[in-house]
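Every chain is numbered from 1, with letters handed out A, B, ... down the list of sequences.
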Number of protein chains: 2
Amino acid sequence: MTDFLECCNRYAPLDKASADGLCLGLKAKTYKKGEYILREGEVCKYLYFLSKGLAKISFEKGDKEFIMRFFSGNVLFSVFESFITQAPSPYRIVALEETTVMLISHRRMEELCKKHHDVETLFRKVLSIVAIRMTKRISEMLEENATERYTQFVKEHHSILQRISLGDLASYLGITQQSLSRIRAKK
Amino acid sequence: MTDFLECCNRYAPLDKASADGLCLGLKAKTYKKGEYILREGEVCKYLYFLSKGLAKISFEKGDKEFIMRFFSGNVLFSVFESFITQAPSPYRIVALEETTVMLISHRRMEELCKKHHDVETLFRKVLSIVAIRMTKRISEMLEENATERYTQFVKEHHSILQRISLGDLASYLGITQQSLSRIRAKK
DNA sequence: ATGATTTTTTATCATTTGGTAAAACCCGGT
DNA sequence: ACCGGGTTTTACCAAATGATAAAAAATCAT
């Protein structure tokens, strides 16, 4: 709870009323390793705060999986495609370890955004970080080859590297596991 | 002006006061084909509304150019990395035709967001669209090869296809112009 | 510890894409 | 019409990545 509010306050300073509103009815849920937090096709009803563990957002095409992003530490995340529009999610969320998330429902978030200007500011800031991060990823995918992307990932996500399987890392980088293995062997 | 407000209202319905605030001091600027609207390294001071023409956001690495996105029609855009943080832009904006944009300064946008809740909602919605669009692009880059990405682009951006050079399209797809030419020849 | 299952590495060959160069094409200015 | 500059296509070879298969290593449950 403290972590959650601290995280929110890093985005935008919140009134007591807003903070209370966010915490009111905040539910925690724990998933075991490998469990789905959200399945493809389901509507993403929540904004998530990951308080413990590791998760991935991914999708399948044919028999291949592609990973959009990993989440660990104290971060806010969601499948915004689905959360914002309340349409079925093209992506799934899977726990890669025992993972605890706090849930803020879409309905409550909408209410709070309407009621408290600073919650809307918080939401806006969260989305701006997401937009910027996604844009950066696109840059990297355009300008860097697989080897460079791998090196970059190691540099930037050193902390979670050991917790991610090679297969998952390859799915994130957009290459086959064999290619990634080859890249690592070359060094 | 009308187009601008209509565009804004599609994101979020605005009060008269907010609409007036947005329009007050709104400046239009026209760029010739090939002119820079923003250079790499400059701070992006504006949220842009493109009312006429065609523009690209891109960057260079070595002697290659990579294109993040094209803009035409009545759309709001900016280099949000820079606009939001007011840090130097990693990207440039270039007019691909004679292009007219309306400028809303960062300072004014900040003021209006603070003053009018509905402007903040508008801004939030703009960012959510950006985040979703970027995410979709990442999906495509992960799951589709160059040929599929080309086909997809033709399908989705049919209207501006004839106005974009092959070189620019290749830079957007993340392949060389020669590869794109080859892909087109195969069909 | 043992065996079963999963993950990672290695190998081989096919396909895709890049790099370089040159030719063909298109278009605007004179 | 002709020139000149830019754009697009074609060709050739090299490098990167994918597909498939199998071996090796690591992990897990009993």
Side-chain angles (χ1 to χ4, degrees), chain A residues 32-36 53-54 56 58-67 70 94-98 138-154 157 160-187, chain B residues 32-36 54 56 58-67 70 94-98 137-154 157 160-187:
Chain A
K32 286 205 272 287
K33 176 173 176 170
E35 269 190 305
Y36 280 81
L54 182 65
K56 66 180 171 186
S58 68
F59 65 100
E60 267 187 28
K61 190 196 177 181
D63 52 356
K64 277 188 289 185
E65 183 189 26
F66 298 95
I67 295 181
F70 300 103
V94 183
L96 295 177
E97 304 172 353
E98 173 152 315
I138 294 170
S139 291
E140 288 171 359
M141 294 178 84
L142 284 175
E143 71 179 321
E144 293 170 8
N145 62 23
T147 305
E148 291 167 333
R149 292 207 300 281
Y150 168 71
T151 311
Q152 186 68 20
F153 187 93
V154 171
H157 303 88
I160 56 165
L161 192 62
Q162 315 80 309
R163 297 154 70 189
I164 297 172
S165 78
L166 267 210
D168 273 355
L169 181 46
S171 300
Y172 176 85
L173 296 174
I175 57 178
T176 62
Q177 181 171 322
Q178 289 82 339
S179 286
L180 179 52
S181 191
R182 192 159 34 190
I183 285 167
R184 282 164 33 114
K186 265 190 294 190
K187 306 215 111 187
Chain B
K32 285 204 273 288
K33 176 173 176 171
E35 269 190 305
Y36 281 82
L54 182 65
K56 66 179 173 188
S58 68
F59 65 101
E60 268 188 27
K61 189 196 179 182
D63 52 356
K64 276 188 288 186
E65 182 188 30
F66 299 95
I67 295 180
F70 300 102
V94 184
L96 296 176
E97 302 174 351
E98 172 152 316
R137 175 109 180 260
I138 294 170
S139 290
E140 289 171 359
M141 293 177 85
L142 284 174
E143 72 179 321
E144 292 169 6
N145 62 23
T147 305
E148 291 166 333
R149 293 207 300 282
Y150 169 70
T151 311
Q152 186 67 18
F153 187 93
V154 171
H157 302 88
I160 56 166
L161 193 62
Q162 316 78 309
R163 296 154 71 189
I164 297 173
S165 79
L166 266 211
D168 273 353
L169 181 46
S171 300
Y172 177 86
L173 296 174
I175 56 178
T176 60
Q177 182 171 323
Q178 288 83 337
S179 287
L180 178 53
S181 190
R182 190 160 35 190
I183 285 167
R184 285 165 30 118
K186 263 190 296 191
K187 307 216 110 184

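- Closest of all the heavy-atom pairs between B:Met141 and B:Arg149 is CA-CD, 4.0 Å.
- Contact detail for B:Ala146 and B:Ile183: the closest heavy-atom pair is CB-CD1, 3.7 Å.
- The closest side-chain heavy-atom distance from B:Lys64 to B:Thr176 is not below 4.5 Å.
- Side-chain contact between B:Phe66 and A:Ile138 is absent, with no heavy-atom pair separated by less than 4.5 Å.
- By the 4.5 Å heavy-atom criterion applied to side chains, B:Lys61 and A:Leu142 are not counted as neighbours.
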Subject >> Heavy-atom protein contacts under 4.0 Å, nucleotides 9-20 of chain D, coded B base, S sugar-phosphate only, - none >> reply: BB-B----BBSB

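- A:Arg163 places a side-chain N or O within 3.5 Å of a backbone atom of A:Gly53 that can act as its donor or acceptor partner.
- Annotation: side chain of B:Arg137 is in contact with side chain of B:Tyr172 (closest heavy-atom distance under 4.5 Å).
- Closest of all the heavy-atom pairs between B:Leu166 and B:Leu180 is O-CD2, 3.5 Å.
- Defining each end axis of the helix from C:dA1-D:dT30 to C:dT30-D:dA1 as the rotation carrying four pairs' C1' atoms onto the next four, with five pairs an end, the two axes are found to diverge by 40° to 10 degrees.
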All N/O pairs under 3.5 Å across the protein-nucleotides 23-30 of chain C interface:
none

**OP:** Decide side-chain hydrogen bond (donor to acceptor under 3.5 Å, both in side chains) for B:Ser181 and B:Arg184; before the verdict, give the C-alpha distance in whole Å, the side-chain angles of both, and the deciding distance to 0.1 Å.
**Re:** CA-CA 5 Å; B:Ser181 190; B:Arg184 285 165 30 118; 5.8 Å; no

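- Between B:Ile164 atom CD1 and D:dT7 atom P the separation is 14 Å, expressed in whole Å.
- Side-chain contact between B:Tyr150 and B:Ile175 is absent, with no heavy atoms from C-beta onward closer than 4.5 Å.
- The CD atom of A:Gln162 sits 13 Å away from the P atom of C:dT8 (whole-angstrom rounding).
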